[in-house]
> 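So that we are looking at the same thing, I have put the structure below in structure tokens.
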Amino acid sequence: MKKIEAFIRHEALEAIHDRLAHMGLPSMSVTEVKGSGRQKGFTESYRGARTTVFLRPKIKLEVVLDDGDVDRAVDCILELAHTGEPGDGKIFISDIEEAIRVRTGERGAVVLEPHPEEAPA
Amino acid sequence: MKKIEAFIRHEALEAIHDRLAHMGLPSMSVTEVKGSGRQKGFTESYRGARTTVFLRPKIKLEVVLDDGDVDRAVDCILELAHTGEPGDGKIFISDIEEAIRVRTGERGAVVLEPHPEEAPA
Amino acid sequence: MKKIEAFIRHEALEAIHDRLAHMGLPSMSVTEVKGSGRQKGFTESYRGARTTVFLRPKIKLEVVLDDGDVDRAVDCILELAHTGEPGDGKIFISDIEEAIRVRTGERGAVVLEPHPEEAPA
Amino acid sequence: MRFSALRRVPLLVAALLLIAPAFAAAQDGSELTDAVNTLWVVLAAVLVLFMQAGFAMLETGLSRMKNAGAIMAKTLCNLSIALVMFWAFGFAIAFGDGSGLVGSTGWFLNGDIPTTFAVYDGYGVPIEALFLFQVAFVAVSLAIVSGAMLDRTKFVGFVIFAVFYAGLIYPFVAHWTWGGGWLFEDGFLDFAGSSIVHLQGALAAAAGALILGPRIGKFRGGKAIPIPGHSMPLAVLGIFILFIGWAGFNGGSGLAAVGINIGDIIMNTYLAAGAGVIGAMIASLWLFKTLDVSQMGNGAIAGLVAITAPCAFVDSWAALLIGVVAGLILPPLVLAVEKMKIDDPVGALPAHGVAGIWGTLSIGLFAVADRTGGAEGLIYGGGGHQLWVQFYGVAATVAFTFTASALVMLGIKYTLGLRLSEDAEIAGQDISEHGMFGYPERFIDVPGATSAEPSLRPLPAPAHAPGKPATSPTGATS
Amino acid sequence: MRFSALRRVPLLVAALLLIAPAFAAAQDGSELTDAVNTLWVVLAAVLVLFMQAGFAMLETGLSRMKNAGAIMAKTLCNLSIALVMFWAFGFAIAFGDGSGLVGSTGWFLNGDIPTTFAVYDGYGVPIEALFLFQVAFVAVSLAIVSGAMLDRTKFVGFVIFAVFYAGLIYPFVAHWTWGGGWLFEDGFLDFAGSSIVHLQGALAAAAGALILGPRIGKFRGGKAIPIPGHSMPLAVLGIFILFIGWAGFNGGSGLAAVGINIGDIIMNTYLAAGAGVIGAMIASLWLFKTLDVSQMGNGAIAGLVAITAPCAFVDSWAALLIGVVAGLILPPLVLAVEKMKIDDPVGALPAHGVAGIWGTLSIGLFAVADRTGGAEGLIYGGGGHQLWVQFYGVAATVAFTFTASALVMLGIKYTLGLRLSEDAEIAGQDISEHGMFGYPERFIDVPGATSAEPSLRPLPAPAHAPGKPATSPTGATS
Amino acid sequence: MRFSALRRVPLLVAALLLIAPAFAAAQDGSELTDAVNTLWVVLAAVLVLFMQAGFAMLETGLSRMKNAGAIMAKTLCNLSIALVMFWAFGFAIAFGDGSGLVGSTGWFLNGDIPTTFAVYDGYGVPIEALFLFQVAFVAVSLAIVSGAMLDRTKFVGFVIFAVFYAGLIYPFVAHWTWGGGWLFEDGFLDFAGSSIVHLQGALAAAAGALILGPRIGKFRGGKAIPIPGHSMPLAVLGIFILFIGWAGFNGGSGLAAVGINIGDIIMNTYLAAGAGVIGAMIASLWLFKTLDVSQMGNGAIAGLVAITAPCAFVDSWAALLIGVVAGLILPPLVLAVEKMKIDDPVGALPAHGVAGIWGTLSIGLFAVADRTGGAEGLIYGGGGHQLWVQFYGVAATVAFTFTASALVMLGIKYTLGLRLSEDAEIAGQDISEHGMFGYPERFIDVPGATSAEPSLRPLPAPAHAPGKPATSPTGATS
Ligand SMILES: Nc1ncnc2c1ncn2[C@@H]1O[C@H](COP(=O)(O)OP(=O)(O)O)[C@@H](O)[C@H]1O
Ligand SMILES: Nc1ncnc2c1ncn2[C@@H]1O[C@H](COP(=O)(O)OP(=O)(O)O)[C@@H](O)[C@H]1O
Ligand SMILES: Nc1ncnc2c1ncn2[C@@H]1O[C@H](COP(=O)(O)OP(=O)(O)O)[C@@H](O)[C@H]1O
């Protein structure tokens, strides 16, 4: 089982969530973070004192998936989060040893089974 | 060493924190996240325009533990976060290669040693 | 590739960010979390009802690096986050299997290459 | 334009409880004097109506973020109901001519002062201005009721109670006192309404709090869990607005600017407010070991509520004393209310209820003969008569208003339902009853670009999105 | 001190549209009467100026956090421009003597009332007090315009429009009506400005919204995406402040407290406001199935705007009717505006535009002869004449103000540019145009210690930091 | 009721600095005239008291979230102390009869106007109304002091200073000028208190800022680190409330509505405010390259403070000039203050100090003879005499108030301690001194269900929790 951690722009979130839900992968978690990278900071001036702020509001998207679903999920995120400007973000993938559903106590890959793909409207 | 990442409801946090502290595992980190899963979204209407919001406020609990403490910690979370309704959340376990205490520079499992269990009041 | 997760005090962030950027490692993500550990809680009283609050605002710093840069980054954080008081925080290191840059689609360690170290001013 | 063409010499006026003897002489009945008095009554009404914003800020500041929007909707709606119901029925019951118990003329404000609203004859103030002034008091009383029923009352349930309260319950007691009813005949004194406005509000609030029960999570294992509000700045902004409004509340209750020393009345009011804050600070430090901001604010309210009845009848040192006592007893009362397992989010019962009783009774102690036109307080050797009248006036109000309110609320409870469902209360009234969060960006951060990213091209519409997903809600995805 | 030494018997006054016949008799021209009238006009001006705080809170409450600071700056700046421009030019055009179309005397408020501002002769109120009162109305109208252009208008662009609006566009229509111009000659009635202040504001707002286009992300795939504000408490605090200000807005428009029943005017005003809230609640429940808090608030505004023109001319039952209709039509209108792809963040077009028209026309229906000194509404058998005058008065205002505003805005668009750049709009006006977030701790949490850590020693300056990094911004690291 | 039975012809009045010559004629001593004047003085007092809410919002908006609650508590407490101390001692020292230096009659407001407070003889306004008006000014001055000592002053430390300031320091200078003391004898003019209220406040603030030193993290490596506030909406709401309050502040200082053109005074006041905003915008654009919202707000304050002394003595063009200069010099002064390593969170020193001096001196330049009853400004050929009197009046105030305040503060510093401990300052004053956060849900999100979860059953009490944990705090777990 794998965890995808994607640092993306706020604007990309809604499209990615709907596309993943549509692909049968509705379960994910989203966190407000502040990130810095190659994107240049913006200047902030308060009563004459100027500071360059490097930390920008970003969204951290965490999706834990069965190994089989990782590639199509990563492609979906790459496609919808891309604007071509610095600050588009990065995706990191790491291993998950165990997954448990609190409601039923189920363990293992069954917890991450995707729903059948919705028929297109 | 292992990291437990538990996505749970706000209401469960206080009980879990107190029980874990009581079990000698007081060290943890809590983050406000928004999650979506099988739980149905709620409808929000603003001046007639209706949208279904899928992302619900959840708590992400992160506890890094020595391998020996993982099972009793997971059981504690499972017991106290359970309501039987969709949206109870999920627990993921991943491997941690190194742990360092900033105050002393100590490294390894010693950093994660649980306190002796408090005697019951 | 490795991920450094450091739970530190708010005050340490600015210095760490500037030092890491100076070392050619500007890319990082910062999250507001609330943590509990050996640091004693503080008492809060509202209309006579007193509660001890154990969860204190902390900063979670996440930096994904190539294996070679981990040690100097950890040393930098250890040095700048240290005050010697309980609550200084902890650093956890875990393995990252894949890293992808959204803007270009590049994959692997190249995504995490540090910039050349800026010449001191 | 309803100008009472003929102005009888205001014989009745001199005996009226409200007006110091000097007043009669000043009313030379001139057009200009009436205009000046009317101007002050209208301005005072505006100041008291502004207290709705004060209550809205105080209540939302002291409750959770997830109920912020609902409190705003409720306060707006209460004000509207008070305006319409009091115009239609309430004013007639309160100030129309009728028996000692209830007025019965002047529905929909029809009729002239001397014939339909005899109690107001001789003031020279048009009936519309008097209505504005009195309806503002009804809205204040209603806002006190909702203060103790926050976060767990159905919107529609409270609307129905508001209709009964503004149309029926409040006007009854108003008739007994200001309307020239039986309590007025017995010499009961309450210049600006410690009992009529504040005590009544607190009694209905108590009925509500008891019938509703506490909020989820307020009491666990017999202990009161502190549920702090979400913004002290908003709460204390509310308290400052109430502080300013009280100048009209007390200063305007003489219904005149000519012949009454409104400066003296308002000075007494604000000295008591200052003393209330200092009293609450001392008690809070002594009891809680900290200077609890919400208690200091409520101390100001308690001081103001207590001085409301005696403000025109006592000397300034007495005003200070009344205020400091109201402030001192507030924190212990808050603890007592919580001990009795009553959930009172903004502390309405101590600040309006007990302080209201203390203020009304204090007339019996500190009233100065030449200010009340006769009645003298105990300490001036006036004997216990006035105190006794004040006492049974309070007792009558407690009995009537608590029972009437409880009956109406129980009626609502067993028909439409008064309490919010558990889910709705936990999710917060904003989203469950109003479909929208009071602080939208706090709970949802998706719609519309919200990231502060100076250098970002708008996202190209996803060119090759597979067919429109069946389940996508309206408008969520192109 | 400009006291009009000689006071001619106010012949002109009797005919004036504003003043009920009774007024002439009361003005016995005494020094004291003038002082009382002046006091009320000044207090009314203060109440209407306070509405700037109301609009600032309403607008920021209903828009995103990233634009909160910019709205504050804009409102402050609008008020300053209105003050200076109306003092210099606007007042002369509006209330100076001149043709039926435009006034041309009294620039920089120079000149005495009988000679330069004949329209104000006989009121006994000094010109400075009248200026204060009228400039407050200009500022209200200007705030309405910016309400529909939120989040996407360049600061400097709106400043230039404000100069033209306060100096030229508004004063023209004011001259036609209150300035004794051609519409006044035709018997057009508008007591406090439903058309002159609110309709004009909404027309300029419509021009702005059309020229600017919607905010990024507002319409996607033909659907209107809800962009909720960020704080209902602030928005409804704004509405309560507007509610209080309206007592001066309508009550003060008679420019006198002696001889006018200001209580009646303000009672009508507040009955209509209450009815507006109730109307909007009913429509919101019926259309949206929820009690939308922002709609209830706008319902109060719609009721207040509608009663502004007829407040002194109609009976209280008519005031309630005018208010409830204004409230009922609001929610459907908001949907219609969104259907027409017009992005109107605070609902200015329905609440000020349509309600303004409805209020102005309602005089033609419900005007009571002895209140207007002659003109009678349709339902009293006064025939359609007055309604026809009201109609073409509104038509003239719509034609003039929309075109004039559109021309000025297009001029700005093709010179300095009216709309914010995409980046600036997405990042929020605060950081892009004012260099600082409206809610700094929401977007940056770094500078200065912000963590709540009772037991923390200040960080030792990093002793052996390698040489000062070249790229570090000023002041970021020691 | 203290009506001065016999009203001597107000000989003294004509010479009084405050009153334009026309005033004497108007005071025909009638009961009604007195009532109208008293009504305006009381309303003005209410407007100035409302400025406490303005300062509370401005100060909390411009400081960090972790100190929001403490500022509310401080402002409430300051107002209460001012009320009680000025009633007991301050008023007697300021306005009681006595030497040129200090008044010594009328402690606890005992005594009649002609015998104890001769300076107020002839106005016809009861002493209580005058007290209300003057105490509001003390509270404003006190709020300015705390503005520069935010986030790092012990609550109890400031309380003690407030007692000395309201009871002793402020009353002294008030006696020299308004109390008929030596500066008044020399012909020193200050209509509404640029020097007495604002300059004094800024001087005490400067003493405090110097003795306390900067906040932790404000200056690092010789650079001033910007510590932005947390809410521009609240800050600018505060500025609008101050703007409205200033109508009473300046307009009421003539202590009469009859015979004084209060419209002219308030028009001058608001023209200067508008000019102040425009001046600050220009300077901010030029110096900082951005339209800093907090500077624009402070520009309005600087304009208002500057016009406070000359508002009744200058023509409107001069009012605009005084305002624009005050606005222009504000941003550079803010930089200068930061360069001098003084930490002034809300910019009190430039906005109240320097603008106060400029306003007081401007009388020497622009005073119009027939407005001041004699004294003429430099530009009208009145020579430098008035300017010289204004100058040494300011100098005397600077010397006295700065030293007196510094002495008292040092006294406090070396006994109880004036500055917060490092830990308390870093954790924020709310939690360390008041035991509760100003924004509870921002710092703790645990108690009570806060998640917006419409479909959640309440958690079953953990049935088999092992024995009650010893360390669990009271109430945390059942
Ligand atoms: N190595 C990293 N570790 C943690 N977060 C990162 C890392 N690199 C990027 N991020 C996150 O991704 C966001 C975008 O990174 P950035 O470097 O600007 O993108 P790009 O490299 O495509 O220009 C950052 O704001 C940060 O939140
Ligand atoms: N695969 C996942 N990856 C990341 N977060 C998840 C995942 N599954 C669930 N979550 C988190 O857990 C919360 C509850 O998930 P949900 O699917 O509603 O629970 P259940 O599956 O028991 O009904 C979600 O809101 C989300 O925050
Ligand atoms: N085992 C852990 N798992 C997750 N977070 C932790 C853990 N230990 C510490 N933390 C984080 O680090 C912060 C400081 O921990 P604390 O135990 O007070 O430091 P120390 O052990 O040096 O006294 C905590 O507030 C918490 O956010």
Side-chain angles (χ1 to χ4, degrees), chain B residues 1-8 10 12-34 57-67 73 92-116 118, chain C residues 1-9 11-13 15-16 29-41 44 51-62 64-65 67 70-71 73-97:
Chain B
M1 292 174 288
K2 296 293 176 229
K3 175 161 96 165
I4 302 179
E5 287 177 289
F7 295 96
I8 54 172
H10 278 72
L13 181 63
E14 210 176 316
I16 291 176
H17 172 275
D18 294 340
R19 177 82 67 77
L20 284 177
H22 178 64
M23 292 157 62
L25 304 168
S27 299
M28 62 186 78
S29 293
V30 168
T31 317
E32 293 252 350
V33 300
K34 292 194 175 63
K58 293 276 174 190
I59 287 269
K60 174 179 168 184
L61 176 65
E62 290 173 283
V63 197
V64 177
L65 303 160
D66 206 351
D67 297 353
F92 303 111
I93 303 169
S94 53
D95 185 47
I96 290 289
E97 294 179 356
E98 184 55 293
I100 312 159
R101 171 170 291 135
V102 172
R103 183 156 50 83
T104 58
E106 291 162 299
R107 294 191 181 224
V110 68
V111 166
L112 302 170
E113 256 165 38
H115 308 231
E118 280 101 19
Chain C
M1 291 175 286
K2 297 291 177 241
K3 176 160 97 164
I4 302 180
E5 286 177 290
F7 295 95
I8 53 172
R9 299 174 191 279
E11 300 71 65
L13 181 62
I16 292 177
S29 293
V30 167
T31 316
E32 294 252 350
V33 299
K34 292 196 176 60
S36 83
R38 281 206 192 67
Q39 209 181 357
K40 59 167 179 47
E44 176 217 280
T51 28
T52 318
V53 181
F54 286 94
L55 291 166
R56 298 169 166 288
K58 293 276 176 194
I59 288 270
K60 173 180 172 185
L61 175 66
E62 290 172 283
V64 177
L65 302 162
D67 297 355
V70 173
D71 292 338
V74 167
D75 294 342
C76 156
I77 296 171
L78 278 177
E79 186 207 322
L80 293 175
H82 177 271
T83 70
E85 295 292 325
D88 272 0
K90 289 185 184 156
I91 301 177
F92 303 111
I93 304 170
S94 54
D95 185 48
I96 289 290
E97 294 179 355

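Here is the naming used below: chain letters follow the sequence lines, and residue numbers restart at 1 for every chain. Remember, it's a predicted structure, so these values are computed and weren't measured experimentally.
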> I need the B:E32 CD to C:K34 NZ distance, nearest 0.5 Å.
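Going from CD on B:E32 over to NZ on C:K34, the span is 6.0 Å.
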> Does C:K2 reach the side chain of B:E98, with side-chain heavy atoms less than 4.5 Å apart?
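SC-SC contact between C:K2 and B:E98 ruled out.
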> With respect to chain B, which residue among C:I77, C:T31, C:D95 yields the maximal number of heavy-atom pairs within a distance under 4.5 Å?
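Among C:I77, C:T31, C:D95, the one with the most close pairs to chain B is C:D95.
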> Taking all non-hydrogen atoms of both residues, which atom of C:E85 and which atom of B:R103 are closest, and how far apart?
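In terms of heavy atoms, the two residues are closest at O-CD, 3.2 Å.
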> Under the side chain to side chain contact (heavy atoms under 4.5 Å, CB included) criterion, do B:H17 and C:F54 qualify, and how do the steps go?
CA-CA 9 Å; B:H17 172 275; C:F54 286 94; 3.4 Å; yes
> How long is the straight-line distance from CZ of C:F7 back to CD of B:E62, given to the nearest 0.5 Å?
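Reported to 0.5 Å precision, the distance equals 4.5 Å.
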> Heavy-atom cut-off 4.5 Å, strictly under: side chain, backbone, both or neither for B:L20 against chain C?
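Contact with chain C is absent: no heavy atom of B:L20 under 4.5 Å.
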> Please enumerate all residues that pass side-chain hydrogen bond (donor to acceptor under 3.5 Å, both in side chains) together with B:S29, with sequence neighbours excluded.
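If we apply the side-chain hydrogen bond (donor to acceptor under 3.5 Å, both in side chains) test to B:S29, skipping adjacent residues, there are no hits.
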> Ignoring hydrogens, what is the shortest heavy-atom contact between B:I96 and C:E5? Give both atom names and the distance.
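Smallest interatomic distance, heavy atoms only, reads CD1-OE1, 4.5 Å.
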> Who passes side chain to side chain contact (heavy atoms under 4.5 Å, CB included) against B:E106, sequence neighbours left out?
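Result, side chain to side chain contact (heavy atoms under 4.5 Å, CB included) vs B:E106: B:R101, B:T104, B:V110, B:V111.
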> Give the minimum heavy-atom separation between B:S27 and C:G37, together with the two atoms involved.
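That would be OG-CA, 3.6 Å.
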